[in-house]
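Atoms within a ligand are numbered from 1 in the order they appear, just like the ligands themselves.
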Amino acid sequence: MKYLLTAMSLSKKYVQTQGFFSRRKTTINALDNVSLNIRKGITLAVVGESGSGKSTLARSIIRLVEIDNGEIAFDGNDFLSLNSSALKNSRKNIQMIFQDPYASLNPRMKIQSIMEEPLLIHKVGTKQLRQKKIEAMIKRVGLDFYDLDKYPHQFSGGQRQRIGIARALILEPKLVICDEPVSALDVSVQAQIVQLLKSLQKEFGLTYLFITHDLRIVRHIADEVVVMRQGKIVETGKTDIIFQNPKTTYTKKLLASIPGIKKTT
Ligand SMILES: Nc1ncnc2c1ncn2[C@@H]1O[C@H](COP(=O)(O)OP(=O)(O)O)[C@@H](O)[C@H]1O
Ligand SMILES: [Mg+2]
């Protein structure tokens with residue numbers, strides 16, 4: 001099986017009522033017939049301006065959002081028709097890293113419990129084995145054994161994202177969906193986290209769906225790129241080719257907005 005994930009013709013509409021007293025409704029096509037394939041072991045970046053549907057795409061793949069239409073297959077299996085126990089098992093294989101690790105880490109839980117929780121949910125190992133995994137993973141992401149006894153607020157933004165990464169990887173997933181994982185961080189910290197994600201990918205043979213509005217990062221991490229605009233895919237291809245020879249005006253504009261990059265005309 002060449003593709004780890006295939007998504008076919010995904011569609012998702014949101015209906016919003018405008019204003020409190022108004023009955024006027026607007027429909028947003030957050031996903032409009034979106035199809036993509038992710039080969040095993042690569043990083044596929046999804047880029048596009050804010051509101052283009054990137055997070056909706058990520059959330060539909062892990063079924064945090066129920067799509068209106070379309071098909072998703074993970075590792076060759078139809079992901080949408082799975083029963084609850086098969087879904088639980090597949091969920092273990094697809095983990096997500098969020099933009100704001102502070103919002104996604106329970107502030108009342110120590111790092112120890114934050115990392116143990118997914119292992120308990122999926123009934124992994126004995127207490128001893130879980131502890132070994134937790135300690136190895138926290139070290140692997142550049143933190144210390146003693147950090148397990150702390151709370152999320154005791155860490156910097158970059159460190160919190162390291163914890164978010166550790167928690168996502170503790171279940172040894174196959175696919176990791178990163179939704180703007182470094183967008184909230186300082187530029188110097190961004191580089192460190194991108195570097196960490198790259199080395200973890202190599203070590204664990206991970207496949208990444210990497211969502212960002214920042215094309216500078218795409219160049220460093222992605223093998224292939226999908227460009228989204230208003231819920232549609234407007235362009236797709238190998239990273240080098242997209243950067244050297246963008247086909248659509250929209251992609252050209254996105255590239256031209258990168259500081260310090262030569263403008264394509
Ligand atoms: N829960 C929701 N209810 C209504 N509209 C939503 C909801 N989530 C997203 N949208 C709308 O769908 C569009 C795509 O949003 P999103 O997927 O978050 O884009 P991106 O991640 O690229 O910024 C936007 O217009 C957004 O306002
Ligand atoms: Mg988003």
Separation of R91 CZ from F74 CZ (nearest 0.5 Å): 12.5 Å

Atom 15 (O) of ligand 1: the protein heavy-atom neighbour that sits closest, reported with distance to 0.1 Å: T56 OG1, 3.9 Å

Nearest non-hydrogen protein atom, atom 25 (O) of ligand 1: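 So the nearest neighbour among protein heavy atoms is I28 CG2, 3.7 Å.
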
Distance (rounded to the nearest 0.5 Å) between L169 CG and E203 CD: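 Output value for this atom pair is 9.5 Å.
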
Stepwise side chain to side chain donor-acceptor pair (under 3.5 Å) test for E224 and T236: CA-CA 8 Å; E224 295 172 19; T236 164; 5.9 Å; no

Atoms in ligand 1 flagged as close to S50, the criterion being non-hydrogen separation under 4.0 Å: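 Atoms satisfying the 4.0 Å criterion: 23 (O).
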
Residue, atom name and distance, where the atom is the protein heavy atom closest to atom 22 (O) of ligand 1: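 The closest one turns out to be K54 NZ, 2.8 Å.
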
Nearest-contact summary for atom 6 (C) of ligand 1 - protein heavy atom, Å: Y14 CD1, 3.3 Å

Distance in Å, R59 CZ paired with I62 CD1, rounded so as to fall on 0.5 Å steps: 7.0 Å

Heteroatom N/O/S of S55 within less than 2.8 Å of the Mg ion (ligand 2):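 Coordinating: yes.
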
Side chain K12, main chain E66, donor-acceptor under 3.5 Å: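 A pair under 3.5 Å: yes.
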
Sidechain N-carboxylate O distance under 4.0 Å for E172, K92: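 No, this pair does not count.
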
Close-contact set for ligand 1 against E49 heavy atoms, below 4.0 Å: 22 (O)

Sidechain-backbone polar pair: S35 side chain, S9 backbone, donor-acceptor under 3.5 Å: yes

Spatial distance of atom CG (L196) from atom CD (Q192) [nearest 0.5 Å]: 9.5 Å

Element-labelled atoms of ligand 1 that are located less than 4.0 Å from some non-hydrogen atom of A30: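 Answer, ordered by atom number: 12 (O).
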
Ligand 1 to G51 polar contact by distance, N or O atoms, under 3.5 Å: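 N/O-N/O distance below 3.5 Å exists for this pair.
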
Nearest protein heavy atom with distance in Å, relative to atom 18 (O) of ligand 1: S55 CB, 3.8 Å

Heteroatom distance test (G53, ligand 1): nitrogen or oxygen, under 3.5 angstrom: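 Among all N and O atoms of G53, at least one is under 3.5 Å from an N or O of ligand 1.
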
